[in-house]
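Naming convention: chains lettered A, B, ... in sequence-line order (proteins, then strands); numbering from 1 in each chain. Only a predicted model underlies this, so the values are computations on that prediction, with no experimental measurement involved.
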Amino acid sequence: MRKEVEKMVGEAMGKLGLEGKVQVDYPRDPKFGDYTTNVAMVMARRFKTDPRGLARRLAGVLEHPMIERVEVAGPGFVNLFMRREWWFRAFSKVLEEGEEFGRLDLGKGRKVQVEFVSANPTGPLHIGHGRGAAVGDSLARILEKAGYQVEREYYINDAGRQIRILVESIWARCLELRGENVEFPEGGYRGRYVVELAKRVLEEMPQVLESPREEALERLAQWGAREILGEIRGDLEAFGVTFDSWFSEKTLYERDLVGKALERLKERGFIYEEGGAQWFASSRLGDDKDRVVVRANGEPTYLASDIAYHALKAERGFALLVDVWGADHHGYVPRIRAALEALGYDPQMLQVLLIQMVSLIKGGEKVSMSTRQGEFVPLAELVDEVGKDAVRFIFLTRKCDAHLDFDVDLAKSQSEENPVFYVQYAHARISSIFRTAGERNIPVPASLTDVELASLELREEMELIKKVLQFPDLIQGMALSLEPHRLTYYLQELAAGFHSYYNHHRVLVEDKELREARMALVKGVQVVVGEGLRLLGVDAPCSM
RNA sequence: GCGCCUGUAGCUCAGCCGGAUAGAGCAGCGGACUUCUAAUCCGCUGGUCGGGGGUUCGAGUCCCUCCAGGCGCGCCA
């Protein structure tokens with residue numbers, strides 16, 4: 001819709017012999033019209049003329065059957081007031097399209113990969129992972145809605161030392177459980193889940209402990225990682241998050257992709273040797289310093305496999321790669337970008353979302369998050385306590401690069417006033433209206449699309465219509481900025497508009513034409529609320 | 001020391017490519033259910049947008065600088 005208005009303004013500018021980018025905005029205040037453009041001020045600077053005069057000339061030639069009037073205001077804004085039919089016509093399309101409303105062709109079917117969570121299979125997911133899961137999954141849904149073909153991928157770090165440490169931890173617990181006095185490995189995982197795993201080893205496969213140590217560790221490593229990954233998968237499913245692809249780091253080595261990637265870097269002159277190690281000259285492409293990719297002892301570093309992994313991603317034909325990382329990994333962005341560039345790819349194809357820390361507040365005190373200290377709150381526990389919907393919603397109530405204080409006590413004790421219920425309640429209330437209509441034998445038009453909306457004369461009704469119609473713009477904005485958190489704010493505003501309307505006016509009135517117009521209105525609100533909640537991975541209940 | 005993120009109402013935070021008088025929720029106070037669900041609504045109170053410069057018709061938004069907090073700067077992952 002905004003695009004159409006931009007076209008109108010563009011044509012008017014053409015009549016004045018001007019050309020340039022046209023920007024049309026929604027004004028903050030309705031007295032400034034339905035749309036506003038600052039082109040007169042922007043152009044005035046370029047052509048060194050008087051902005052208000054230019055605005056007046058533009059207003060003079062700005063004509064369209066759907067434009068009611070045009071005003072020039074302030075330093076040179078051109079404000080457009082549209083005829084009510086403009087909005088009614090657009091609103092009918094909401095009802096016609098239903099849950100498809102808001103679908104865009106922005107992505108033109110291009111492939112996008114969103115890689116997120118990717119927690120090491122060395123322990124249960126904690127709430128920090130949960131935030132990444134909520135952001136990544138919602139973003140994936142939004143990008144799909146915007147017309148991209150999205151793949152959700154989980155990268156499994158199953159080749160590094162962490163797995164080794166995990167299995168040594170399990171091993172140590174096994175021996176402990178059998179009453180042996182063992183030294184717990186340095187930096188080992190001390191979480192209770194390790195003891196649980198050890199118990200299962202003793203119960204389910206005690207013979208493993210009789211094998212030679214290395215052989216036993218190898219078997220336990222595979223088993224342990226698989227078990228933990230299974231739990232991670234379960235936790236994510238309970239959180240409403242699923243993946244299209246689980247990518248194992250180990251396969252990069254099995255297919256020699258790490259060696260090949262390093263070889264390609266070498267051919268391009270980005271690898272040199274120093275102190276017995278192989279270095280990637282990332283500082284030539286924007287990184288702070290060069291990085292070791294193969295240690296002096298011949299072992300590749302984590303970065304080596306990460307380079308191979310991203311090279312493979314680039315080869316897989318994605319137009320855009322989105323990585324969702326913990327903010328503590330932000331130092332990796334320049335080096336991965338450098339690697340992509342060194343290999344001949346566009347480094348900008350990789351966009352990294354850095355998820356800032358979640359501080360859990362319990363009893364008024366911050367609980368620090370560290371897997372290794374064994375002091376963390378599992379995602380599953382929080383979901384049990386607060387509920388999936390509330391957790392997902394709250395994780396998206398701020399931009400992802402801002403710290404998040406999640407006050408568990410507050411989330412529980414004030415669960416009645418949680419914003420997620422506020423939005424869900426709007427959805428449920430609208431369902432209730434139609435239920436009541438059924439009980440009272442009030443007919444609901446088979447097709448609300450064809451309902452005449454002209455009797456919606458209240459200011460609040462027009463505001464609701466306009467708010468609903470902003471949804472496609474919102475989808476576009478989120479898809480371009482990769483900022484899914486905007487959705488929670490939009491939904492709260494839309495729900496607030498509806499609740500207020502509901503408390504002041506009745507839908508099921510005597511007057512048939514008004515009643516059916518209002519039915520159509522609230523139905524449209526419900527469609528967008530429902531669809532918005534779906535994009536957040538939050539249920540949209542029909543009764544509460 | 002260097003780099004990245006953050007700093008907006010008592011609290012938690014929105015604020016889109018720079019736009020017109022800076023918003024919401026919570027907390028506080030006072031009201032509204034014989035009505036389609038009161039998990040709601042209505043009203044009031046609340047601001048040196050961390051400080052200081054600069055850019056311009058216009059800055060919470062861009063640039064510089066300083067202050068405060070967080071994170072990162074490994075032949076760890």
May I ask which nucleotide in the shown strands pairs with rA24(B), Watson-Crick or G-U wobble, both distances under 3.5 Å? rU12(B)

Nearest-angstrom distance, C1' atom, rG23(B) to rC16(B): 14 Å

Please pick, from rC36(B), rA14(B), rA39(B), the nucleotide with the shortest atom-to-atom distance to any side-chain atom of Tyr425(A). rA39(B)

Under a 4.5 Å cut-off applied to non-hydrogen side-chain atoms, are Tyr309(A) and Leu257(A) in contact? no

For Phe77(A) and rA20(B), say yes or no: do the ring centres fall under 5.5 Å of each other while the ring planes differ by less than 30°? yes

Under a 3.5 Å limit on both distances, the Watson-Crick or wobble mate of rU34(B) is none

Angle between ring planes, His505(A) versus Tyr501(A), binned at 30° and 60°: parallel, tilted or perpendicular? tilted

For Ala426(A), report the nucleic acid contact type (base, sugar-phosphate, nothing); a contact means any heavy atom under 4.0 Å. nothing

Looking only at rC42(B), rG72(B), rA22(B), the nucleotide nearest the Ser500(A) side chain is rC42(B)

Is Arg284(A) close enough and on-axis enough to Phe270(A), meaning under 6.0 Å and within 45°, for cation-pi? yes

Is there a Watson-Crick or G-U wobble partner for rG72(B) with both distances under 3.5 Å, and if so, which one is it? rC2(B)

My understanding is that a pair needs two contacts under 3.5 Å, Watson-Crick or G-U wobble. By that rule, which nucleotide pairs with rG46(B)? none

Can you tell me which nucleotide in rU6(B), rG3(B), rC16(B) comes closest to the side chain of Asp401(A)? rU6(B)

Quick one: which of rC13(B), rU40(B), rG70(B) gets closest to the side chain of His403(A)? rG70(B)

Do Asn79(A) side-chain and rA20(B) base share a donor-acceptor contact under 3.5 Å? yes

What is the base-pairing partner of rU61(B), counting Watson-Crick and G-U wobble geometry with both distances under 3.5 Å? none

Check for me whether the distance between the ring centres of Phe395(A) and Phe406(A) falls short of 6.0 Å. yes

Check every strand shown and say whether Glu274(A) touches a base, only sugar-phosphate, or nothing at a heavy-atom separation below 4.0 Å. base

